[in-house]
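Data first, discussion second: the structure below is written as structure tokens.
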Amino acid sequence: MLFGCFNSPVMIMVRDNLAHIQETIARSARKAGRNPREIKLVAVSKTVDIELIAEAVQAGQTLFGENYIQEAADKMTRLPPSLKWHFIGRLQSNKARQAAELFEVIETVDRWKVAAALDSHARLLGKTLSILLQVNIGREPQKSGVLPEAAETLLRKISGETSLRVFGLMTMPPYSPDPEQSRPLFSALRQLAEQLASRGLFADNAAVELSMGMSNDYAVAIEEGATLVRVGSALFGSRQV
Ligand SMILES: *Cc1c(COP(=O)(O)O)cnc(C)c1O
């Protein structure tokens with residue numbers, strides 16, 4: 001956005017961007033007849049310098065999303081312990097111990113092996129771990145996520161055989177510069193969640209979370225029911241890597 005337009009502008013930039021995003025969240029919610037308080041902003045801080053993250057904290061942001069375990073671990077030790085962190089990257093089962101330890105929510109569980117590994121580490125830690133199932137709603141071969149028709153079987157197994165608390169679905173539709181292209185996919189994720197909730201398969205079927213929408217399409221995602229939006233570049237500026 002305004003990244004690089006000023007000399008020492010990081011504080012103003014992050015603060016202004018955050019205010020703008022919060023306004024957009026509120027406007028989109030009202031447009032859809034929803035309460036803006038239903039929607040939580042996950043500030044995606046992957047590859048972002050600690051100083052910029054600290055500015056977001058200064059401006060009141062408390063919830064962050066990270067994609068890489070080691071990077072997140074390093075940042076967490078340097079930031080206030082009161083912050084909440086969601087893991088939104090690809091998770092390998094050999095990183096499950098650290099993920100279970102560091103994060104409040106793992107948004108990207110898409111197979112049994114990872115769920116089982118998270119569960120055994122969470123038990124050892126005595127921690128009730130919340131997760132979302134990642135769904136490959138656009139059916140892209142290269143993308144993570146359980147296919148929509150396989151979501152119910154995976155959810156039943158996780159809810160039945162683990163202590164993980166599955167409280168919703170997450171998706172990342174195919175990238176398009178036109179956010180309207182994502183709308184039918186966001187809508188499809190919501191319908192899938194409603195179907196699964198009607199069968200009583202989530203930890204809280206009256207308050208199912210939908211993590212969908214990124215910098216270019218979070219307004220549309222909110223209109224289609226998102227409760228968590230994962231916004232990176234619109235908050236922190238475009239990533240260098
Ligand atoms: C990087 C990332 C985001 C944020 O993307 P922006 O377009 O920068 O907002 C959101 N979700 C996931 C899973 C990501 O990896």
Side-chain angles (χ1 to χ4, degrees), residues 1-4 10 13-14 16-25 28 39-50 52-53 55-56 59 61 63-73 75 84-92 95 99 102-111 114 118 130-140 142-146 167-183 185-186 189 209-241:
M1 307 225 12
L2 295 174
F3 202 69
V10 297
M13 181 201 80
V14 171
D16 286 0
N17 289 349
L18 185 60
H20 171 78
I21 293 163
Q22 281 160 346
E23 278 164 32
T24 305
I25 289 173
S28 310
I39 297 129
K40 293 183 283 288
L41 171 64
V42 180
V44 176
S45 48
K46 62 167 173 252
T47 78
V48 173
D49 284 349
I50 199 93
L52 284 181
I53 302 173
E55 296 303 346
Q61 181 65 26
L63 175 57
F64 292 85
E66 284 282 341
N67 294 60
Y68 309 103
I69 302 282
Q70 194 51 53
E71 182 188 336
K75 287 172 178 167
K84 295 198 184 314
W85 299 85
H86 285 200
F87 185 75
I88 62 168
R90 238 177 234 260
L91 187 58
Q92 308 294 334
K95 295 277 173 68
L102 296 170
F103 290 88
E104 191 186 41
V105 177
I106 312 293
E107 293 201 11
T108 47
V109 176
D110 64 355
R111 55 196 191 279
V114 166
L118 285 172
S130 295
I131 67 163
L132 303 180
L133 281 196
Q134 182 175 0
V135 180
N136 186 356
I137 202 78
R139 319 183 73 87
E140 294 170 278
Q142 79 283 10
K143 218 171 239 173
S144 311
V146 61
F167 72 105
L169 304 179
M170 175 271 199
T171 201
M172 217 173 150
Y175 176 77
S176 161
D178 174 12
E180 287 301 327
Q181 296 293 317
S182 302
R183 188 184 293 277
L185 296 163
F186 292 147
L189 191 77
E209 301 275 359
L210 286 177
S211 176
M212 55 189 197
M214 318 202 321
S215 288
N216 72 321
D217 57 11
Y218 67 96
V220 170
I222 290 166
E223 289 171 27
E224 297 302 326
T227 65
L228 291 159
V229 290
R230 309 179 309 268
V231 178
S233 49
L235 178 59
F236 293 115
S238 52
R239 288 178 293 273
Q240 306 303 310
V241 285

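Order of listing sets the numbers, starting from 1, for every ligand and every atom in it. In this text the structure is predicted, and so the values were computed from the model without any measurement. Below, all heavy atoms of this structure are taken into account, side chains as well, without hydrogens, waters or symmetry copies.
Near ligand 1, residues V44, K46, N67, I88, M170, M172, M214, S215, R230, V231, G232, S233, R239 each place a heavy atom inside the 4.0 Å sphere around the ligand atoms.
Using a 4.5 Å heavy-atom cutoff, the side chains of S144 and L91 are not in contact.
Annotation: ring pair (Phe, Tyr, Trp, His ring centres under 6.0 Å) contacts of Y218 (sequence neighbours excluded): none. Shown here are the side chain to side chain contact (heavy atoms under 4.5 Å, CB included) partners of L63, two or more places apart in sequence or in another chain: K40, V42, Q61, K84, H86, L228. Residues that satisfy the side chain to side chain donor-acceptor pair (under 3.5 Å) test with R183, not counting sequence neighbours, are E180, E223, E224.
Heavy-atom neighbours of K143 NZ from other residues, nucleotides or ligands within 6.0 Å: above the threshold of 12.
Under a 3.5 Å cut-off, the side chain of T108 and the backbone N or O of G89 do form a donor-acceptor pair.
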